[in-house]
Amino acid sequence: TDHAGISTQRVVVKQLMDEGIDYHKLGREEFEKRVWEWKAEAGGQITQQMRGIGESCDWSRERFTLSPEMSRVVRKVFVQLYNEGLIYRETRLVNWCPVCLTVLSDLEVVHEERQGNLWHIRYPVAGSKEFIVVATTRPETMLGDTAVAVHPEDERYAQLVGKSVVLPLMNREIPIIADSMVDREFGTGAVKITPAHDQNDFEVGKRHKLAEIDVMTDDGRMNAAAGPYAGLDRFAARKKTVEDLKALGLLERVTEHKNSIGICERSKTVVEPRISTQWFCAMKGLAEPALKAVREYEPGKENTIQIVPDNRRQEFLNWLDNIRDWTISRQLWWGHRIPAWYCGDCEHVIVAEEPPTKCAKCGSEKLTQDPDVLDTWFSSGLWPFSTLGWPEKTADFEKYYPTSLLITGYDILFFWVARMAMLGIHFTGKVPFRAVYLHSLVRTGSGEKMSKSKGTGLDPVVLNQQYGTDAMRFCLASMAAPGTDIVLSDDRLGSARNFANKIWNAARFLFVNLEKFEQGGTAMEELAAPEVRAGAPYAFEGTVPLADAWLFSRLASITTQVNEALANYRFHEAAQGVYQFFWGDFCDWYIEWVKPELQNSNRERAVVAWKNLFAGFDAALRLLHPFMPFLTEELWHQLPQASGAKSIALDRYPEAQQKWQNSAALEEFEMLQYLITSVRNIRAEQKIDPKKRVAAELLPRDSAIKELVEQNLETIKRLAFLSDLQMVTERLGVGGAIRSTPRFDVRIPFDEIVDPRVELARSKKDIEGLTKDIASKEAQLGNDTFRSKAPERIIKGMEATLEERRMELRKLTDRVAQLEKGIPSGY
RNA sequence: GGGCGCUUAGCUCAGCGGUUAGAGCGUUCGGUUUACACCCGAAAGGUCGAAGGUUCAAAUCCUUCAGUGCCCACCA
């Protein structure tokens, strides 16, 4: 964890204020003590939360940026950068927060488009009755004006350049100068120059050697230099100056103007550009190698960094390309004190890791340390190596650096990731991480960024209580498509909770039935599938039951799919894959299918069923474990084969087994699924009494399918709720509702209460879809260019389906004709 | 002013060159089949923002446009 300089200081300052204590009066040392006390509580809370949501960390390696060890690294790094000339101290115009009372880096200033005004003010030209009209968005800063600038080639003002104006309200004479920075098109083409309060003006001031008159205090009020306005808040001063100008007849007009305002990221106050002496870090040289490492990334290439998702990579490169120097000092008390001392006698600056006793230049002992601290991100930027014991060549450092992966939100790509990349490479010569995964941010229902101050944040602890930690984790993972943000909804969370519940219930089914089975005298251990841990299903010698072969084949593809998704940081695909497998395949089909087998009076067969059931469940739990750690860990330990193992987290993650792939079983099982679904569909469509078992007829078109159905007849009858499934050899007539595939037709005859009109409507609708499809396929296959250019497998596949569809269409057309001709009486 | 996204079923979103476009929720119909109603079974619902273009083939690639969101930037 980092010490979060500004935010933490703000919190504690406020806390003190509530107690009626002014932190300035408390003094630095006492204040720091208070912050440490606060940190002891809050810091614990954060790691508690992390544990609560199931983050799996090596907690023994927890580090804090302000610890003595980390602080030592910070000083070492600072001194080295200083000696290399990369850290320097300078007076320039910086971003100042009048509430936090500190300088801010460019990144800590967020820009907001706001509706403002453009005030056109008359500045009287000295010794004449003329005016020059300037346009400004910040009239209060005119109190610090030291010139008026026009464009050198602007004919309108050419004769005025070199003359001066009398600054209204202050009655100070200031020059009219020419500078090409002025945009002739904007406003009046004449600009007031306030070097102490505007970046552009500051530069103009430097070029023309203008005085810099700071008219504000550090907390955003007008100071003595503002004359009669002294003491007024800057916004009150704006109002007052405008009123006074108006009274003097010097306000020509006011127009509306949209402009972007810099806001302090923490306090949300309008940031004030202010002249100040600060410490800076030169970035160009540091950025270059980091830029190279990211730009030259290729899989496997040494010392490069992969950024995921890819579009963030371009963002990263653009930012580093245009990087500007980093303001690293902060006027705070909570943080790493800058290791610089000033000599009270000769003003020499000493930068050292340890406090010096006397001035290196004049020997004076009157040394005072710089009161400022470093930007929090300075120490955070050292994280990957500072935490591993650098600069010592520790075993940890040797082993874990460069780290493999950094996971963080994209909102701190520049703040943190870029700085780690730059500093890591600079100090160790190696990239700090080989890959960066930038995850989505969770947004509110209306798509806004969550905000504590607006109260629109979602508390993970509350969500955990409402839905369960596993459900929340699974929900987040399943929605984490890279490149888009997540809008958490109750619906989605609810469905994840239902999933957790489903897993729980499936387990309950297993264990309840296991109890019954064990009473039959089989020991738990005998049901273990020991080879599962090595990635192989146990009961695969000899004849494999179809459903088992199918399940493990499905498992093989899901495992491949999940592993691939994880390797490519496509967590949502992984989560959705396991969901589908567990609920759709394992629960809805497999468990239902093997239920009777589990209590089969044939002991041997029952044992096989149990072993495979456990093996499948085991694999599913393992696949699910990263998403739902608590539930899976708990359930896994109850499985027979888990005995002795420490933790599912420490056991192996499933790898796809080639030998489980079984396309024949897949195809056969799907055929039976289709058969069962067809019957269910007819039942539902025909509103057959759900309590009524009906008899159906089946016309198999080849002996293989006939055999297949015969072998699984009892299961099919059970799952399709049939009293009988009669094999027939003759073509099925219209006397019922029919579903067809190329390999079989199935029919429920009319005497089982079937309404021919429903069947007729259904057939007509099917014909419509088929006709359209056939037409489009025929058109494509009839196209010579398609035939010559499209790949063979596409053409072959399309031809085959076309043939099937045509056959189906013929059958349907026939049936419709017959139905229309002779709907039995009574309907 | 630059850059990056997004626009697909009523809602929230996947899919991002190939054979009748998917999920969850919602909706409709049916259900006390000894794990689960936080459930089971079945179904309806989309000319994939608009217009052009590339291609044998486009939701998927390109261009323009229209909405919308975000990031970056020193237009007073």
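Bear in mind that the values here come from a model prediction, so they are computed numbers and not experimental data. Chain letters run A, B, ... following the sequence lines, proteins first, then strands; residues in each count from 1.
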With a 3.5 Å cut-off and just heavy-atom distances, do the side chain of [X] and the base of [N] make a donor-acceptor pair?
X: A:N200; N: B:rC74; result: yes
X: A:R497; N: B:rC38; result: yes
X: A:E592; N: B:rA35; result: yes

Pair partner, B:rU68 [Watson-Crick or wobble, under 3.5 Å]: B:rG5
Heavy atoms under 4.0 Å, any strand shown: does [X] hit a base, just sugar-phosphate, or nothing?
X: A:N783; value: sugar-phosphate
X: A:N498; value: base
X: A:P273; value: nothing
X: A:V512; value: nothing
X: A:R508; value: sugar-phosphate
X: A:W119; value: nothing
X: A:V182; value: base
X: A:R693; value: nothing

Aromatic contact, A:F280 with A:W326 (centres under 6.0 Å): no
A:Y579 ring center near A:H572 ring center (under 6.0 Å): no
Can you give me the N/O atom pairs linking the protein to nucleotides 20-22 of chain B at distances under 3.5 Å, or say none if there are none?
| from | atom 1 | to | atom 2 | distance (Å) |
| --- | --- | --- | --- | --- |
| B:rU20 | OP1 | A:K777 | NZ | 2.8 |
| B:rU20 | OP1 | A:R805 | NH1 | 3.2 |
| B:rU20 | OP2 | A:D773 | OD1 | 2.5 |
| B:rU20 | OP2 | A:K777 | NZ | 2.2 |
| B:rU20 | O4 | A:R805 | NE | 3.1 |

Nucleic acid footprint by protein, nucleotides 43-48 of chain B - heavy-atom cut-off 4.0 Å, B for base, S for sugar-phosphate alone: SS----
A:H572 side-chain N/O to B:rG15 phosphate OP1/OP2 under 4.0 Å: yes
